[in-house]
Amino acid sequence: MKRAKKTRVVLGVTGSIAAYKAAELARYMMKRGCVVRVVMSESAEQFISPLTFESLTGQPVARSFWEETQPGAIGHIALADWADVVLVAPATADTIAKAAYGFSDSPLLAVLLATKAPIVIAPAMNVNMFEHSQTQENIHNLQARGVMFVTPESGDLACGWKGRGRLAQPAEIYHHVRRAVTPQDLRGKRVVISTGPTREAIDPVRFISNRSSGKMGLSLAVEAFHRGAEVTLVHGPLSGSPKLPSLIRTISITSADEMRSAVLTTLGRDPAHHAPDIMIMAAAVADYRPEIESDQKIKKSNAPLNIQLVSNPDILKEVGEIKGTHERPFLVGFAVETGDTEKLLSEAKRKLEAKNADLLVGNLAQDSFDKDTNKVLIVSKGGNAEEIDTARKSLIAKRIFDTVATNTRSQS
Ligand code: C5P
């Protein structure tokens, strides 16, 4: 298998008490296929030793202009050119201010000024320093120049205060790094995704559900975020607690009825004009629910128990009807089947028509349910069918959005 090119990250570490967290962050990124080169500010060295980063990354650490002539060292301009992305984490108020005003009296500031690569800044500081109008103005000015910021978390701060100022988690920072290096073909687009199973209550302790893990829809949501979209994820009960980017709006539901209300709400009052650009219904909605939900636990007895089931609303079909002949939303459905690929293809084609979808992704239950990988067929309106062999769901998500992009381009 061809290995993906490693992402080259210049990691700027500045003098915040959170500097030690940059070591974990460097490892986190390296595990996910990044090469990391660290540039430290002078005050960062008061909190963590350059040796820590040199040992972790296997690369020399840039510390001062005057050491650049040493063997193995790489000058600040070469570093700025080498980077696919420059990340400053943690970033102090001082570094943010200097970057906003174009200072370049340290290797890190010089890299920020010289690089043509995207820049991501993850601030960490005292809440009052973060909320100070000068810091906010500096952040705003940098954002206006295309610099991405990772909002710090709220909580207990090392300085004794409580509030916003804690360095964001590695997963959150890394999602922004990925977004920074991904072509933004969904920038400004609104994408709604449904995923996971639904649970249909029998009584207060029992329900009917299915084996869906929701992982395919989660991968789609993350991919859409990386491509620049504004993402809403409507999800049923998920296995595990995935680390989604905090900018993804999540709506947690339990039953099909709740999912229907949530999905229809995202269409807005006037779907003809305000519908999202793309909707992907990847949820495994239960087709039936008990006609009566008992408000008391049903008691065990020796007599057989019959539970009358009634059909659930078909959400995808309803959205397809609302869409009618409009271009928006570009509607993607899923079909899960048991059986062989031939049956899957004919069912995918049938569902594409029946639900007025623009694209239908077919997968077999044995390839997809509760797995990190999937194998899919993507059928588009013209009847084109594309087969994607077994791959991680993150890669399948990429291919699905590539096909969405091709199809939306040919529509406009
Ligand atoms: O008809 P079938 O359930 O196989 O269709 C699957 C597609 O329809 C999926 O995209 C699924 O999310 C959607 N669906 C739905 N509401 C239902 C059943 C399925 O939106 N009640």
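When a ligand or atom number is given, it counts from 1 through the structure's own listing order.
Considering backbone and side-chain N/O atoms, Asn312 never comes within less than 3.5 Å of an N/O atom of ligand 1. Every N/O-N/O distance between Ala284 and ligand 1 stays at or above 3.5 Å. In terms of polar-atom proximity, Phe334 is counted as a contact of ligand 1, with an N or O under 3.5 Å from an N or O of the ligand. For ligand 1, one of its N or O atoms has an N or O atom of Met281 under 3.5 Å away. At a 3.5 angstrom cut-off on N or O pairs, Lys351 counts as close to ligand 1. The shortest N or O to N or O distance between Ile315 and ligand 1 is under 3.5 Å.
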Side chain to side chain contact (heavy atoms under 4.5 Å, CB included) between Val336 and Phe369, worked out: CA-CA 9 Å; Val336 65; Phe369 268 35; 3.7 Å; yes

Pair Asn356-Lys381, side chain to side chain contact (heavy atoms under 4.5 Å, CB included): steps then yes or no: CA-CA 9 Å; Asn356 193 30; Lys381 244 182 183 165; 4.1 Å; yes

Side chain to side chain contact (heavy atoms under 4.5 Å, CB included) assessment of Arg211 paired with Asp370: CA-CA 7 Å; Arg211 293 184 194 279; Asp370 212 14; 5.5 Å; no

Intermediate values then yes/no, side chain to side chain contact (heavy atoms under 4.5 Å, CB included), Ile173 and Met29: CA-CA 10 Å; Ile173 297 173; Met29 295 193 289; 5.7 Å; no

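Atom numbering of ligand 1 starts at 1 in the shown order; those under 4.0 Å from a heavy atom of Leu316 are 7 (C), 8 (O), 10 (O), 13 (C), 15 (C), 20 (O). Within ligand 1, counting atoms from 1 as listed, the ones closer than 4.0 Å to a heavy atom of Ala283 are 11 (C), 12 (O). Near Gly333, with a cut-off below 4.0 Å to any heavy atom, the atoms of ligand 1 are 10 (O). Using a 4.0 Å cut-off to heavy atoms of Pro313, the atoms of ligand 1 that qualify are 16 (N), 17 (C), 21 (N).
Partners of Glu318 under the side-chain hydrogen bond (donor to acceptor under 3.5 Å, both in side chains) rule, at least two apart in sequence or in another chain, are Arg260.
Proximity of Glu172 to Thr151: side-chain heavy atoms (C-beta onward) are nowhere separated by under 4.5 Å. At least one side-chain heavy atom of Leu87 sits less than 4.5 Å from a side-chain heavy atom of Leu25.
Within the 4.0 Å heavy-atom criterion, the part of Asp287 lying near ligand 1 is the side chain and not the backbone. Contacts with ligand 1 closer than 4.0 Å are made by no heavy atom of Glu347, backbone or side chain. Under 4.0 angstrom from ligand 1, there are no non-hydrogen atoms of Lys317. Using a 4.0 Å cut-off between heavy atoms, Ala256 makes no contact with ligand 1 at all.
Judged purely by atom type and a 3.5 angstrom limit, Glu200 uses its side chain to pair as donor or acceptor with the backbone of Ala256. With Ser346 contributing its side chain and Lys343 its backbone, the two residues share a donor-acceptor pair below 3.5 Å.
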Ignoring hydrogens and angles, write down the donor-acceptor pairs under 3.5 Å from the side chains of residues 183-194, residues two or more places apart or on other chains.
{"unit_1": "Gln184", "atom_1": "NE2", "unit_2": "Arg179", "atom_2": "O", "d": "3.0"}
{"unit_1": "Gln184", "atom_1": "NE2", "unit_2": "Thr182", "atom_2": "O", "d": "2.8"}
{"unit_1": "Gln184", "atom_1": "NE2", "unit_2": "His226", "atom_2": "O", "d": "2.8"}
{"unit_1": "Asp185", "atom_1": "OD2", "unit_2": "Arg227", "atom_2": "NH1", "d": "3.0"}
{"unit_1": "Arg190", "atom_1": "NH2", "unit_2": "His274", "atom_2": "O", "d": "2.4"}
{"unit_1": "Arg190", "atom_1": "NH2", "unit_2": "Ala275", "atom_2": "O", "d": "3.4"}
{"unit_1": "Ser194", "atom_1": "OG", "unit_2": "Ala282", "atom_2": "N", "d": "3.3"}
{"unit_1": "Ser194", "atom_1": "OG", "unit_2": "Ala283", "atom_2": "N", "d": "3.2"}

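Here the protein heavy atom with the shortest distance to atom 5 (O) of ligand 1 is Lys355 NZ, 2.9 Å.
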